[in-house]
Each structure stands twice: as structure tokens, then as C-alpha cells.
2 protein chains.
Amino acid sequence: MIEKNTEEKIVQAAEKVFIEKGLAGARMQEIADEAGINKALLHYYYRSKEKLFEVVFKLAFKSFVPNLVKAFDGPEDFFTKIERFVETYLNLIEKNPHIPIFIINELSKNPNRLVSLISYLNIDIQPIFDVIEEEIEKKTIKQIEPQELIINILSLCVFPIVAKPMVQTILFKGYESEYNALMKKRKSSIAQFVISAIKN
Amino acid sequence: MIEKNTEEKIVQAAEKVFIEKGLAGARMQEIADEAGINKALLHYYYRSKEKLFEVVFKLAFKSFVPNLVKAFDGPEDFFTKIERFVETYLNLIEKNPHIPIFIINELSKNPNRLVSLISYLNIDIQPIFDVIEEEIEKKTIKQIEPQELIINILSLCVFPIVAKPMVQTILFKGYESEYNALMKKRKSSIAQFVISAIKN
DNA sequence: AAATGGTTTAACCAAATGGTTAAAGCGAAC
DNA sequence: GTTCGCTTTAACCATTTGGTTAAACCATTT
């Protein structure tokens, strides 16, 4: 175990606690304990809970949303792009399964957090819109609003992960192995589903 | 304004506050204020925050999940069933847009809540599985695991609502009217998307 | 009209919580 | 080795929070 510096330890501990418990449910004492430091030291580095939370939220958001845009460019065939995007994104979520719901939930409780983030990250999805519209013009895919296609792909990727407890319990009688098996299969089947839906 | 009895007022106030703020973010004092009563009276009716929360959570869950199953039986054609299901479900969500994320979030923080609920509600999705498998045998739709089809339909319905702030901000430059327009359109387009994807 | 019993309230309590203070540690510069 | 300045800690503080208590209220019964 390498000794990390205090600031690093704090951010990592804060990520763990905030993502697990949310802003309202997290406790500064728990973050301090998790980081192996004094609560006063925590406040020495980050003046308030809100400030520390903003750092964690920004990191979580950055790790998910901009990658989403990048995963969609590249030189390949449009359908291959969709396949690659789904696989890349599902792998990303698999590694951090609690981040999507963390972002969604905190944003639903305070949508204002977005305004400062978007201007700072300046996300440009126009290129993705262009690619989709091009395919529609080429008649390789059916007429669909670019936004709607993106929403559909994201829905299919993200929802089954954030709703895992319900899906696993109700649809798989509680068996995690069966849930996991389907999730593995979906790395390819989501793209096939989408392609079947839009192919001309 | 009709005078409701105290218990009713409490549950309604608790629903509002818990669904808006979550278990950790809600305050018993706020619920009492919202109900127009004393905090001691709140504890007179519901011994603890957790007990009151369980009542609210059960109500929210009941209003969503069992209706989901019911919305899928009926005598019509399978594709019509999908169309009707999506429209029914989207209308339900439209009326209570914060409930899905409330359920998803509280369940992700404490999946244990489900075990007591499922035995009490005894939800049986087998009929839906049967209908889907029948269609596959009749070759009206492509081979797909029933669970996966259900997940796909639910994903397309629920995700855009729970992720509204992100979708609206990133995909629609913040314009709620454009977001709303797409959501309205989706009451029919989701079903078309799904049908195109599975039709043989 | 007095007793009864469920309902409602003001006042209170202990624990938890975010945050502060003042002093102690401690490595680098002189 | 003493000073300087950043880092770390123990002790502390004010407020918030879930929950309790004892008394007041009030409609019904007798």
C-alpha cells in the first residue's frame, strides 16, 4: 500500500462516501474516518461539506459524460460505431456502477449543479447529431430525431444498471448470476436491438 | 379546501417531502409543517421516521410496479399491447415524474426494502413472459429473452424521465419546451422503435 | 356536569452534525 | 538550534434533529 498524500486520500474517501450515501446521507466524520484523518483536517482542506461535494460531483460527472461524447466519434461504419459505443459505455459503467445513479439523483435534487458544469466542460454533441442526420439522408437508417436515438441508446445502457435491485428481484427472482449473465449479453445485444430498430 | 383527517394529511405531507428530498434529506419537522401539525403529533401517529418512510415507500412502489404488470395483459394483438403499455406507463410517469427516481434511488441505497415488499405484493410476471415466448414461437417477433425485452421497454420509458435535467440541458440546450415535445412524441415513438427492433 | 379517552400542543432532551479554535508537530531555511 | 510556515490534532461550540413528556383540549359517554 503506497502512502497517498492527504488531499488525495480525502478526495478518494469523499468519493466513496458521497457516491454511496448521497450528499444528504453522507457524514463529514465518516469521510474523515475513511480517509484516516481528523475531521478538522478535512475542513482544513475543504472548507465545507458542500465544497467537497462539488469536487466529487464534478469528478464523477467528468468521468462519465464527456467520455460518452468521445466514444461516438471515429472513422468506422455507423452501425459499428453504435456497437463500439455500447460496449465501451457498458464497460465503463460496470467499473463504476454507482456513479450513474449518483449523478442522476443529485441532479434531480438540484439541477442547478449542471449549469456551472456544462459551461466548464463545454460538451459539444453537435458532431453526433451530424453523423446521425447524415445516415438518415443516406437512407441507411430510418427517420428519427438525433436526440431521440441518443436517448434510446443511453436508456438501454444505463437504466438496467441503476434499476438493478428491481430488475434482479422481480425479473430474475433475486438471482444475481442471471442478472449478470444478461448484462454481459447486453454488451452486444443492445446494439443489435437498436440497429434492428433503425435499419432501413 | 376540504378538511382531511390528520393521518391523511400526514401521509400526503410525508409523500411530498420524502419523494422530493429522499429519506436522508427529509426532516420530520418539515413534514409536520407541510401537514400543518405539531411534530409531536407526527410521532404520535408514526413512531419513527423510518416507519413513516416505509409507509410512503410502499405506497410509491405500489402505485408503479404492479400497474406495470396489469398494463400488459388484455386481449389485443401483441404489438398493440406494447403500444398501449407504453402510452399508459408514460402517462402514469407524467403525473408523478419524481416517483421512479425516488424508488430507484432509495432501493439502490437499501435494496433490502424490496424483500418485504415483493412477498407482500406478490407480483407475478410469468404471464408476460408467456405472452412474449408465444410470439417468438409464432415467429411474429425475433428471438429475444423475455426479460430483456421487458427491460428494454422499461428503459426507454423511464430513463428519459429520471435523467431529465441532463437530457434537457445537454441534448436540448436547456429548452424545456423541446424536451416536453419529444416526451410527448415518445408516447407513440417508443413503441414503434421497439416493434421495429423485434418484428420478424 | 363529571368522568373518560383519544387527540393535540409546548417544552424539553440527548445525540448527532457541520464547523471552529488554539495549540502541538514537524520539516526546511537561516 | 531557532525561526517560520504549513500540516495535524484534541477539544470545543452552536445548531439541528429525531424523539419524548406531561399537560391541555375536546368530543362522547354516563
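Throughout, protein chains are lettered first and strands after them, A, B, ... in sequence-line order, and every chain is numbered starting at 1. From a predicted model like this one, the values you see are computed outputs, not experimental measurements. What you see below is based on every heavy atom in this structure, not just the backbone, and it leaves out hydrogens, waters and symmetry mates.
Look at B/Thr6 and you won't find any side-chain N or O under 4.0 angstrom from OP1 or OP2 of C/dT7. For C/dG18, one of the phosphate oxygens OP1 or OP2 lies less than 4.0 angstrom from a side-chain nitrogen or oxygen of A/Arg27.
Counting heavy-atom neighbours within 6.0 Å of A/His43 NE2, excluding the residue itself, gives a total above 12.
A/Ile31 places its CD1 atom 15 Å from the C1' atom of C/dA16, with the value rounded to the nearest Å. Atoms CD (A/Glu30) and P (C/dA16) sit 14 Å apart, rounded to a whole Å. Straight-line distance from the CG atom of A/Leu41 to the C1' atom of C/dA23: 15 Å, rounded to whole Å. Residue B/Ile37 contributes atom CD1, which lies 8 Å from atom P of C/dT8 at whole-angstrom precision. As rounded to whole Å, 6 Å separates atom C1' of C/dT7 from atom OH of B/Tyr45. The CG atom of B/Asp33 sits 14 Å away from the C1' atom of C/dT9 (whole-angstrom rounding). Remark: C1' of C/dT9 and CG of B/Leu42 are 13 Å apart, rounded to the nearest angstrom. Rounding to whole angstrom units, CD of residue A/Glu50 and P of C/dG19 are separated by 9 Å.
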Note to self: Under the criterion side-chain contact (heavy atoms from CB on, under 4.5 Å), I'd like the reasoning laid out for A/Leu23 against A/Arg113: C-alpha separation, chi angles, the key distance, then a yes or no.
What the structure shows: CA-CA 13 Å; A/Leu23 171 56; A/Arg113 293 191 193 287; 3.3 Å; yes
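Counting heavy atoms from C-beta on, the side chains of A/Leu156 and A/Val194 come closer than 4.5 Å. Looking at heavy atoms from C-beta onward, B/Glu145 lies in side-chain contact with A/Lys185 at the 4.5 angstrom threshold. Two residues are said to be in side-chain contact when any heavy atoms from C-beta on lie closer than 4.5 Å; A/Phe57 and A/Leu117 meet this criterion. Residues B/Phe18 and B/Glu106 fail the side-chain proximity criterion, which asks for heavy atoms closer than 4.5 Å.
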Each base of DNA chain D marked ( ) or [ ] if paired in-strand (Watson-Crick or G-U under 3.5 Å), | if paired to another strand and . if unpaired gives ||||||||||||||||||||||||||||||
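At the heavy-atom level, B/Tyr46 lies nowhere under 4.0 Å from the strands shown. As judged by a 4.0 angstrom heavy-atom cut-off over every strand, B/Ala32 is placed among residues making no nucleic acid contact. Using a 4.0 Å heavy-atom criterion, one finds that B/Ala26 contacts the sugar-phosphate atoms exclusively.
Below the 3.5 angstrom threshold, one finds a donor paired with an acceptor across the side chain of A/Lys39 and the base of C/dG19.
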Got a list of side-chain donor-acceptor pairs under 3.5 Å for residues 124-134 of chain B, not counting sequence neighbours?
from, atom 1, to, atom 2, distance (Å)
B/Asp124, OD1, B/Gln126, N, 3.2
B/Gln126, NE2, B/Asp130, OD1, 3.0

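Just one residue in the list B/Lys39, B/Lys21, B/Lys49 forms a salt bridge (charged side-chain N to carboxylate O under 4.0 Å, His left out) with B/Glu30, and that residue is B/Lys21. Of the candidates B/Ile82, B/Leu90, B/Ile195, B/Ile190 forms a side-chain contact (heavy atoms from CB on, under 4.5 Å) with just one, namely B/Leu90.
Proximity note for A/His43 (side chain, C-beta onward) versus C/dG19, C/dT9, C/dT7: the nearest is C/dG19.
For DNA chain D, the span of nucleotides reached by chain A at under 4.0 Å from its heavy atoms goes, 5' to 3', from D/dC6 to D/dA10.
With ring centers used as reference points, A/Phe53 lies 6.0 Å or more from A/Phe61.
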